[in-house]
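Remarks on the structure that follows.
Letters A, B, ... mirror the listed sequences (proteins, then strands); counts begin at 1.
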Protein chains: 2
Amino acid sequence: MSEPEPRKDTYHHGHLREELIRRGLEALEREGAETLSLRSLAEAAGVSKTAPYRHFKDKDLFLGALADEGYRRLHEALTASVEAGPKRRRAESPVAAMGRAYMAFAVSRPALYRLMNSPLMCRMPAEFIGWARKSLLLLAETLEASRADSAKGRGARRAGHPDLDATAAAWAYIHGLVLIRIDGLYPADLPEPDWDRLAGVVPELPGR
Amino acid sequence: MSEPEPRKDTYHHGHLREELIRRGLEALEREGAETLSLRSLAEAAGVSKTAPYRHFKDKDLFLGALADEGYRRLHEALTASVEAGPKRRRAESPVAAMGRAYMAFAVSRPALYRLMNSPLMCRMPAEFIGWARKSLLLLAETLEASRADSAKGRGARRAGHPDLDATAAAWAYIHGLVLIRIDGLYPADLPEPDWDRLAGVVPELPGR
DNA sequence: GAACCATGTTGACACCGCCAACACGCCTCA
DNA sequence: TGAGGCGTGTTGGCGGTGTCAACATGGTTC
C-alpha cells in the first residue's frame, strides 16, 4: 500500500488537523460561527478538549484556517466561471458570470462567506490572505478586460493597469448584495429583490 | 423640582436600562460586539451580574436594543443629510450626500454598524426594525426623486412607485463599500481606495 | 538504548449566559 | 394604617467556553 497509512496507535489521532477543518466547515453552516466551539469539535473528533491547540495557536487562527479554505474554493469557483464563460449558450458578459458565481458561492455557504469577510481576517497572518487577494485581482482583470472590450477603438485605457477604485466599487456592490441577502436584512414584508438579476448587473464606476 | 427624581434608595438603581444601553454603545466601539458581556456592563454600572436580565430577556435582545438605537441615529443622520443638501455650497446630488452621510455614520461607529446589519437582526421582534425600514424607504425616495429629476421631460416614471430593485442595488453598493472599509478587508498593501469619492457615486441600476 | 519531539491527555482557572430563589422598597387598596 | 402585590435588585449555582501548565505517549534519530 503506497498511500500514507494512518497511525496504528489510538493515542495519536493522525489526521486531526484535517478532520477539525472538515468538521469545522460543516459545523459552521449547521450552527453559525458564533456558537462554534473548539471543544465540541474536539469531542466530535473523539479527542480531548485541548488537542486542537497542538495544531492551532488559538481559536481565531483556527477560524482563519477555515476562511483560508473558503478563499481557495471561492477563487476556484470564480476562475471556473470566467473560463466557462465563452462556452455558455446565452451570451453573458464575464463580469456578469463572475457576479453570479460569487453570489452562488456565498448563498451555498453563508456562514463561511461571513467568516471570510469578517473583521477578524484583517488581523490574520499574511499566508491566510493569498487566495483572497488573488480573487480580488481576478475581478480587477475581468473588469478591465470588459472595459477594454466595450471601449474598443475609442481610446481604451491600457491593459495591465486596472482601475482599483472601480474594482473596489464592483466588489463593494456584489459583496453588499450578497450580505443583504444571506443576512436576511431586506425587509421580509417587501417584495423580494431579484437577487440573481442584480448579481449580474455589476455597475461600472464613472471614471475619475 | 418637577423633573423625575432618581430613587432615594441604593438598592434600586433607577435608570439601569438606560445606563446599560449607554455603556453598551461605548463598550461596543471600545472592544467590539464579540467580547461585549452583560456581566461586565453590569459590574461597571455597579450592579449585580443578573440585574440586566430584569430589563432584557437575553443578550440578543439587549444587542437588539443597541441596534435599535443605532437605527434611530442613522435615520436621523440620513434625513439631516438630505435636508441640508440644498444649503450646501458645492452642488451635490441628494443621493451622493446620502451616500457620504451613510459612510460617515458607519465609520464613526463601526461596531454598532456591524451589529445593526448582522444576521442577528432578522430574528428580532418587529419593533426593532422600524427605523431601519424608514431609512431604506428614505433611500428609495431619494433615488426615485433623483431619477425623476434627471429624466425630466422624457417620460419619467411616476413618482410614488419606487423601483425597489434599484433601491436594493444602491443600498448593496454603499453597504458593501462601508463594510469593506470598516472591516479592513481591502488589502493593506494596495493603494487605498478613495472611500469618500466612492461613497458619493452610488450607481444607478440599469432598468429591467 | 537514550534523547528528542510532535502530538496527545488531565486538571485547573477565569469568564460567560442564564436560571431559581430570595430581598428590598414603593404603591395600592381595603 | 397595614397587608399584599410587583418591579427591580441580590445571591448562589449550573453548564459551557477559551486557554494554560504539566504530564503521557510513541515514533524518529543519534
Among all residues two or more places apart in sequence or in another chain, which pass the side chain to side chain contact (heavy atoms under 4.5 Å, CB included) test with A/Glu31?
-> A/Ala27, A/Thr35
Distance, rounded to the nearest Å, where B/His15 contributes NE2 and D/dG9 contributes P = 11 Å
How would you list, by chain and number, every residue that makes a side chain to side chain contact (heavy atoms under 4.5 Å, CB included) with B/Ser118, sequence neighbours excluded?
-> B/Leu115, B/Leu120, B/Met121
Closest to the B/Lys49 side chain: C/dA12, D/dT10, D/dG13?
-> D/dG13
What integer distance in Å separates B/Leu16:CG from D/dT10:C1'?
-> 13 Å
Taking atom C1' of D/dA22 as reference, at what distance in whole Å does atom OH of A/Tyr53 sit?
-> 17 Å
Side chain to side chain contact (heavy atoms under 4.5 Å, CB included) filter on B/Glu69, not counting sequence neighbours, yields B/Leu25, B/Arg72, B/Arg73
Hits for side chain to side chain contact (heavy atoms under 4.5 Å, CB included) against A/Pro125, two or more places apart or cross-chain, chain-then-number order -> A/Leu61, A/Glu127, A/Phe128
d(A/Trp195 CH2, A/Arg100 CZ) to nearest 0.5 Å is 14.5 Å
Check DNA chain D against residues 23-45 of chain B and give the residues with a non-hydrogen atom under 4.0 Å, in numerical order.
-> none
I'd like a table of donor-acceptor pairs (distance under 3.5 Å, sequence neighbours excluded) in which one partner is a side-chain atom from residues 39-50 of chain A, with atom names and distances.
from, atom 1, to, atom 2, distance (Å)
A/Ser40, OG, A/Ser37, O, 2.9
A/Ser40, OG, A/Ser37, OG, 2.8

For B/Gly46 and for A/Thr50, locate the closest nucleotide of DNA chain D by heavy-atom distance; then report the residue assigned to the nucleotide nearer the 5' terminus.
-> B/Gly46
Sorted by number, residues from residues 54-63 of chain B placing a heavy atom under 4.0 Å from DNA chain D are B/Arg54, B/His55
Non-neighbouring partners of B/Trp131 that pass ring-ring contact (aromatic ring centres under 6.0 Å, His included), sequence neighbours left out | B/His75
Using residues 174-191 of chain B as the side-chain source, report each donor-acceptor pair under 3.5 Å to any protein atom, sequence neighbours left out, with the distance given to one decimal.
from, atom 1, to, atom 2, distance (Å)
B/His175, ND1, B/Tyr113, OH, 2.6
B/Asp183, OD1, B/Arg114, NH1, 2.2
B/Asp189, OD1, A/Arg133, NH1, 2.8
B/Asp189, OD2, A/Arg133, NH1, 2.9

